[in-house]
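In what follows, a structure is listed as structure tokens, so that the remarks can point back to it.
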Amino acid sequence: MYDIKWIRDNAKLFDEGLARRGLTARSAELLVIDDERRKAVTAVQGAQEARNAASKAIGQAMGRKDMAEADRLKAEVAALKDAMAEGEIEQARAETALNAVLEALPNLPLPEVPTGADEHDNVEYRRHGERPGFNFAPKQHFELGEAWGEMDFEAASRISGARFVVLRGELARMERALGQFMLDLHTREHGYTEVSPPLLVREQAVYGVGQLPKFEEDLFKTTSGHYLTSTAEVTLSNLVREQILDDLTQPLRFTALTPCFRSEAGAAGRDTRGILRQHQFWKCELVSITAPDQSGAEHERMLSCAEEVLKRLGLHFRTMTLCTGDMGFSSAKTYDIEVWLPGQDTFREISSCSVCGDFQARRMNARFRPKGERSVQYVHTLNGSGLAVGRTLIAVLENYQNADGTVTVPEVLRPYMGGVEQIGKAA
RNA sequence: GGAAGGGUGGCCGAGUGGUUUAAGGCAGCGGUCUUGAAAACCGCCGUGGGUGCAAGCCCACCGUGAGUUCGAAUCUCACCCCUUCCGCCA
């Protein structure tokens with residue numbers, strides 16, 4: 001969400017930013033509405049001022065028992081009311097129109113974000129490790145899981161429909177192990193506080209992170225009017241909504257391991273095999289709340305925390321800086337981490353780390369009072385996956401598979417799996 | 001689901017139609033005093049908006065929205081949220 005005053009003072013910057021996002025200039029149109037709004041406000045306030053003065057005089061006249069004067073003033077105020085009502089209607093109209101445009105506009109990219117149309121214009125930031133060599137043709141994750149009878153799409157389909165899965169046995173256990181491992185790493189070594197949040201939330205919480213009103217179709221909504229969270233970013237970021245934090249010299253860092261629910265409305269026919277794109281999946285989320293001057297450094301730190309998960313699992317990945325055309329609605333800059341999947345012979349997104357500046361903070365009304373200062377400021381928010389558990393499971397299966405169709409358990413996961421070193425059935 | 005009570009500034013909390021500004025306290029900031037600190041005392045101290053070069057002036061905001069009134073934190077209606085008790089329930 002934008003501050004219209006900022007647009008007034010920075011119309012050119014605003015339009016240039018939108019242009020980099022592939023959007024047309026909006027400042028001229030917005031400033032016309034804003035001008036109408038301010039004219040109405042000024043008119044209404046002038047009338048209110050006159051009314052307040054007259055009302056006060058009425059009280060004083062009645063105190064003196066001067067009823068003639070009181071009646072004369074009452075007539076005066078009555079005349080003001082028509083003008084006021086008219087102005088109020090115009091003011092409400094302009095405010096509604098202004099807000100409707102503003103709340104549907106995405107965040108502006110930071111200067112260093114590469115300009116581009118889609119994912120083809122993303123720029124590699126760095127990479128880690130190397131592609132593992134295989135002396136056999138590596139299978140895709142679902143070929144392994146289905147062969148073991150531990151990844152059951154047919155049962156899931158009978159129970160829930162398409163884009164759901166039932167995991168069983170050691171595969172279910174490995175999914176759980178991955179989530180525990182991530183949570184432990186971020187809480188014990190990276191300074192994040194573990195949170196167990198609600199999965200059903202109010203509309204305003206979803207609005208706060210920018211998923212509403214524009215992306216309602218991507219979400220599941222309950223009969224009670226709640227939304228199922230598509231990511232723990234919603235709950236973790238909203239922990240500071242409508243708050244004025246006393247101080248923010250150190251970032252607040254939250255992590256949560258939760259199921260995530262997505263309708264995948266726009267993804268019909270895409271990634272239909274396997275567990276890559278599901279209506280429900282586990283994700284370990286990272287969220288930081290910082291002062292404005294710290295969000296850039298925190299973004300790099302958060303990215304490193306997410307990458308560390310893959311490093312410890314011994315997985316090859318590359319980190320991309322998303323171009324303007326591929327960034328999410330609320331983001332000012334996003335890094336995607338893409339893990340190597342030998343079964344698919346490609347890199348696939350496994351984490352997305354974004355810094356949102358004060359864009360979400362304005363929607364949530366999340367502020368802080370700098371130490372020793374009187375005025376309040378909006379916080380900066382950051383969110384990142386650390387990591388998507390289902391996709392990490394895919395990566396482990398495909399990268400650690402053996403020629404006989406079994407999978408070696410990565411060292412770091414073994415303590416979480418009762419010391420098991422290998423899972424799956426030999427073909 | 002039923003019943004009752006409640007929602008006032010960063011926090012607590014008074015305030016049931018006006019004639020001074022939402023009292024007072026806590027926290028915060030500045031000062032006096034002090035070697036320093038604490039205490040005490042003095043002063044400042046809500047948010048958003050309009051207007052103005054500025055100092056300032058003005059408007060709105062007491063959960064939200066309507067209404068009554070010359071005038072609403074206060075009266076009326078609807079809604080939202082919270083708490084407690086009962087019922088149901090893992």
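Residue numbers begin at 1 in each chain, while the letters A, B, ... track the order of the sequences.
In this structure, of B:C58, B:G10, B:G50, it is B:C58 that holds the atom nearest to the side chain of A:Glu49. Listed candidates were B:C70, B:G50, B:G48. Nearest to the side chain of A:Arg367 is B:G48. Residue A:Gln48 has its side chain nearest to B:C59 when only B:U47, B:C70, B:C59 are considered. For A:Val376, counting side-chain heavy atoms from C-beta on, the closest listed nucleotide (B:C70, B:G48, B:U51) is B:G48. The side chain of A:Arg369 approaches B:G10 more closely than any other nucleotide in the set B:G10, B:G71, B:G50. Checking B:U51, B:G49, B:C70 against every side-chain atom of A:Lys5, the shortest atom distance belongs to B:G49. Each of B:G48, B:G18, B:C59 was ranked by its minimum atom distance to the side chain of A:Gln45; first place goes to B:C59.
The side chain of A:Asn52 contributes an N or O atom lying less than 4.0 Å from OP1 or OP2 of B:A60. Close to B:U51, at under 4.0 Å from its OP1 or OP2, lies a side-chain N or O of A:Arg38.
The main-chain N or O of A:Gly325 is never found under 3.5 Å from a side-chain atom of A:Arg21 such that the two would form a donor-acceptor pair.
Both A:Arg202 and A:Asp3 lie near RNA chain B, and the one whose nearest nucleotide falls closer to the 5' end is A:Asp3. When the nearest nucleotides of RNA chain B are assigned to A:Ile4 and A:Ile244 by heavy-atom distance, the more 5′-ward of the two goes with A:Ile244.
At a threshold of 4.0 angstrom between heavy atoms, the contacts of A:Asp71 with the nucleic acid are absent. Residue A:Arg362 is classed as having no contact, given no heavy-atom separation below 4.0 Å to the nucleic acid.
One P atom belongs to B:C81, the other to B:G63, and the distance between them is 16 Å to the nearest Å. Comparing the C1' positions of B:C58 and B:G65 gives an interatomic distance of 26 Å, to the nearest angstrom. Using C1' as the reference atom, B:U16 and B:A73 are 10 Å apart when rounded to the nearest Å. Of the C1' atoms belonging to B:U74 and B:A22, the separation is 12 Å, rounded to the nearest Å. A gap of 14 Å separates the C1' atoms of B:C80 and B:A66, to the nearest Å.
Screening A:Lys283, A:Met174, A:Met182, A:Gln180 for a side chain to side chain contact (heavy atoms under 4.5 Å, CB included) involving A:Val389 leaves a single residue, A:Met182.
A cation-pi geometry, defined here as NZ or CZ lying under 6.0 Å from the six-membered ring centre and within 45° of its normal, does not hold between A:Arg176 and A:Tyr416.
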One pair to check against salt bridge (Lys or Arg N to Asp or Glu O under 4.0 Å): A:Lys139 and A:Glu398. What are the steps and the verdict? CA-CA 7 Å; A:Lys139 294 191 170 75; A:Glu398 295 197 5; over 6 Å; no
